[in-house]
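These numbers were taken from a predicted model, which means no experiment stands behind them.
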Amino acid sequence: MEHADKILKEKEALQRKINILETRLSETNAQHKLSSEGNVSDSPLLLEFDVLKEDNILLKEDIEFFKTKLIEIAETEEGIFKLEKERALLDASLRELESRFIAAQANMMKLGPRDAWWEKVEKLEDLLETTANQVEHAAVILDHNHDLQDRLDNLEASLQAANISKFSCSLVDLLQQKVKLVEDRFQACNSEMHSQIELYEHSIVEFHDTLSKLIEESEKRSLENFTGNMPSELWSKISLLIDGWLLEKKIAYNDASMLREMVRKRDSRLREAYLSYRGTENRDVMDSFLKMALPGTSSGLHIAHIAAEMAPVAKVGGLADVISGLGKALQKKGHLVEIILPKYDCMQVDQVSNLKVLDVLVQSYFEGNMFNNKIWTGTVEAYAGLPVYFIEPQHPAMFFSRAQYYGEHDDFKRFTYFSRAALELLYQSGKKVDIIHCHDWQTAFVAPLYWDVYANLGFNSARICFTCHNFEYQGTAPARDLAWCGLDVEHLDRPDRMRDNSHGRINAVKGAIVYSNIVTTVSPTYALEVRSEGGRGLQDTLKVHSRKFLGILNGIDTDTWNPSTDRYLKVQYNAKDLQGKAANKAALREQLNLASAYPSQPLVGCITRLVAQKGVHLIRHAIYKTAELGGQFVLLGSSPVPEIQREFEGIADHFQNNNNIRLILKYDDALSHCIYAASDMFIVPSIFEPCGLTQMIAMRYGSVPIVRKTGGLNDSVFDFDDETIPMEVRNGFTFVKADEQGLSSAMERAFNCYTRKPEVWKQLVQKDMTIDFSWDTSASQYEDIYQKAVARARAVA
């Protein structure tokens, strides 16, 4: 740019000189005119005037010619400037291409579709062709400049022949210098562009070579895209296949162990063999596997979850979501995760892929006899193909063929049987499990059974992790009932083991706390609460074992709960585009026949089980308070308690003709997604809440939570008006006391912010939607405590 300014200044100086020449011409013409009018008779003088007049005419023509050439030079300079800009863009494109080469070489494992790469090559070739055309155009301009130089040379010769003044000659010299400068600059630009083209051509060759290598590598890895890019499900199927062979005694224990190690290491040979023999006899696959079996090691852990629920197969409450979400997250981190469940007759079998019964019966002890158990296997595709074992007892009591998951008179007997059978499955399969993770009182028996029975049989490689999701339910029974599953009653009916702290019965959760290597609950605040009155009698036991007890906040499955991909929604949306949320609000109003005259009228949602723990009296108050504040309220949920169910049926009847209140007294999964998306606020007024998932899901969908400060609610929702908390953390409205005044205050503050500060509310909604409540962080914490427990065990061994 400095050079261009210099040229412009020179042009201005040249123009001034031309103006002087024109002035002199005018003066000469005037003198000539005066002389003619004076009738000058001196013939020599007349001749001199005639010559001067001719010279002046020639000079005037030359000046006009110079002006024309100055215009042409200016146009040429402008063209060169454009070429220089294009060259700079080409240079930047080259640097970008080089960086893409580096990225491509570093990410060969992440190669995209081949057509996309060829498209990039074609675009690059088009760019080269465009550049070549630009160079040809520049050459034409250069030829034009050469023509200008020739004309200037002719002009200089004619001026010299005419013996014009030195000033005219210097003017020609100046023009020649300008043309030379332009030509030099163009030659430099032209040379540099040719150099860039050579670099591009060289890059094209390298690009083709690299692309060929990437395609070759892609073909080697193409089998990994089987079953919709879900390699975890593929490995789950292989693992189940190997375990089935072992249980059916088709392969030896050592061979099964070697193959399992190969699965843990994600050995590509197993994958390729499995896919190559798809559709053939299992014997062919097995023979191929056995030929490859070699000893190996792996840093990944083998984790077995033993539980009563798993979403979406057998779901009653939040436990089901934890089993699936945590298992999926741990599997993504490279661990081998398996789930063991009862085979309920009421479970959602359509959610299980490749469900089949193994050609083997696993026997387990119960009430002095050995009973057969059918073992079913399958994978849950909704959660990355997690492998699941289902135990179907061949017991005359038909423990899990009752058309419901819980609530039977003999639940204690049902789940002691299942706990023993699950450990027997692990033992007879010869698995070297690192972590056995049991959940709630239904599988709390696993801990004492493992250490008092199976460790003595040599099955002692694992460490036990027990998670209590709700200390309200502890699984108590007469001490003698422990004998059903083979536990020593006299050995365990002691204050420091399984005897309940308040009465003479035995307590399953207490036994798990005492016998497990790791004890967790579902949020840090709840872990503090249960060490006091919230422990429901187990606070002293938890204090004794506090070194192995901690709270880890649950996560949510952000693939299932994702407003940008949710198939149940009328319109998908995200934090950057909230128009879809408004569309879902309108759709829900139409679906439930709610008033829609005022689109901005606040909508409050509540999705819950109607039990005392959830603060039913506060939910009732929230309905009436919302009506008072001019909002709309939608409740989705039912109660297992007949009195509570009847109470809310009465409230529903009361508001039957009110087009701002709707109570749907059942659970509907599809409708729950729509309510999360449509609601502006979400009520969770729990008396106590170990973790709570609904407030996290609500925020994910842009519904601002109004919650009581307890348990996991206190760990995930922070009051918007609390100035002691950093603004970036504040994400909802909270209250402390479990009374109507506290809830009313929180609701009033939320309504005021919504109606009076719409931009502030929008920012709050967008912030809530971007908070990471995924299982990744929680799974990392579990991974850490698992690995520490396993490391301690190996150090002792």
Side-chain angles (χ1 to χ4, degrees), residues 109-110 220-247 251 255-280 282 284-286 288-305 310 313 323-341 351-356 358 375-390 425-426 429-435 437 557 559 775-776 779 783 786:
M109 295 293 292
K110 301 177 181 177
K220 291 181 182 179
R221 292 176 169 81
S222 60
L223 292 176
E224 292 182 0
N225 293 324
F226 174 63
T227 62
N229 291 323
M230 292 179 65
S232 296
E233 182 183 354
L234 177 64
W235 291 113
S236 297
K237 291 179 179 179
I238 295 174
S239 177
L240 291 173
L241 193 63
I242 294 167
D243 291 341
W245 292 337
L246 177 63
L247 290 168
I251 61 175
D255 291 333
S257 297
M258 294 175 186
L259 289 171
R260 284 181 188 134
E261 284 297 330
M262 294 177 72
V263 170
R264 296 169 88 177
K265 294 166 64 178
R266 301 294 196 259
D267 194 307
S268 60
R269 293 175 299 166
L270 281 183
R271 179 199 64 226
E272 292 169 3
Y274 177 79
L275 296 178
S276 298
Y277 285 95
R278 271 190 301 155
T280 63
N282 270 352
D284 295 332
V285 183
M286 185 170 65
S288 177
F289 276 20
L290 290 175
K291 290 177 183 178
M292 295 183 290
L294 293 171
T297 59
S298 174
S299 58
L301 298 174
H302 187 171
I303 303 160
H305 287 272
M310 177 189 182
V313 181
I323 300 303
S324 301
L326 177 59
K328 176 182 175 180
L330 289 168
Q331 183 171 260
K332 282 185 176 179
K333 290 179 175 295
H335 304 291
L336 178 59
V337 181
E338 297 170 331
I339 316 294
I340 303 176
L341 297 174
Q351 298 292 334
V352 184
S353 298
N354 305 303
L355 181 64
K356 65 178 182 179
L358 297 180
I375 308 300
W376 297 71
T377 64
T379 58
V380 180
E381 292 186 14
Y383 286 89
L386 280 171
V388 186
Y389 295 85
F390 300 94
L425 171 62
L426 292 174
S429 66
K431 294 175 181 287
K432 294 292 183 182
V433 183
D434 295 303
I435 296 290
H437 197 151
D557 180 19
D559 293 330
W775 268 105
D776 187 62
E783 181 182 45
Y786 288 164

Return the [atom1] to [atom2] distance between [X] and [Y], rounded to the nearest 0.5 Å.
X	Y	atom1	atom2	answer
Y786	L301	OH	CG	9.0 Å
T379	I339	OG1	CD1	12.0 Å
I303	L336	CD1	CG	8.5 Å

Practice item. For S236 and G385, indicate whether the former's side chain and the latter's backbone hold a donor-acceptor pair under 3.5 Å. Key: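 Flag set: sc S236 to bb G385 pair under 3.5 Å.
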
Point to revise | Criterion side-chain contact (heavy atoms from CB on, under 4.5 Å) on I238 and L259, from CA distance to verdict | key: CA-CA 9 Å; I238 295 174; L259 289 171; over 6 Å; no

Check your understanding: H302: what forms a ring pair (Phe, Tyr, Trp, His ring centres under 6.0 Å) with it, not counting sequence neighbours?
Key -> none

Check your understanding: With a 4.5 Å limit on heavy-atom distance, are the side chains of V352 and F390 in contact?
Key -> yes

Check your understanding: Is the closest side-chain heavy-atom distance between I375 and D243 below 4.5 Å?
Key -> no

Point to revise | Trace of the side-chain contact (heavy atoms from CB on, under 4.5 Å) decision for I251 with I242 | key: CA-CA 8 Å; I251 61 175; I242 294 167; 4.3 Å; yes

Practice item. Might you work through the side-chain contact (heavy atoms from CB on, under 4.5 Å) test for H305 and L386, ending with a clear yes or no? Key: CA-CA 11 Å; H305 287 272; L386 280 171; over 6 Å; no

Check your understanding: With sequence neighbours excluded, what pairs up with K333 under the side-chain contact (heavy atoms from CB on, under 4.5 Å) test?
Key ->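 K333 satisfies side-chain contact (heavy atoms from CB on, under 4.5 Å) with H335, D776, A779, S780, E783 once adjacent residues are dropped.
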
Point to revise | Pairing residues for S324 by the side-chain contact (heavy atoms from CB on, under 4.5 Å) criterion, not counting sequence neighbours | key: M310, A311, Y383

Practice item. Please lay out, stage by stage, how Y389 and L240 fare under the test side-chain contact (heavy atoms from CB on, under 4.5 Å). Key: CA-CA 9 Å; Y389 295 85; L240 291 173; 3.4 Å; yes

Check your understanding: What heavy-atom pair brings S239 and E338 nearest, and what distance separates the two atoms?
Key -> OG-OE2, 3.4 Å

Review point. Can you name the closest pair of heavy atoms from L246 and A256 and give their distance?
Key: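 So the two residues come closest at CD2-CB, 3.9 Å.
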
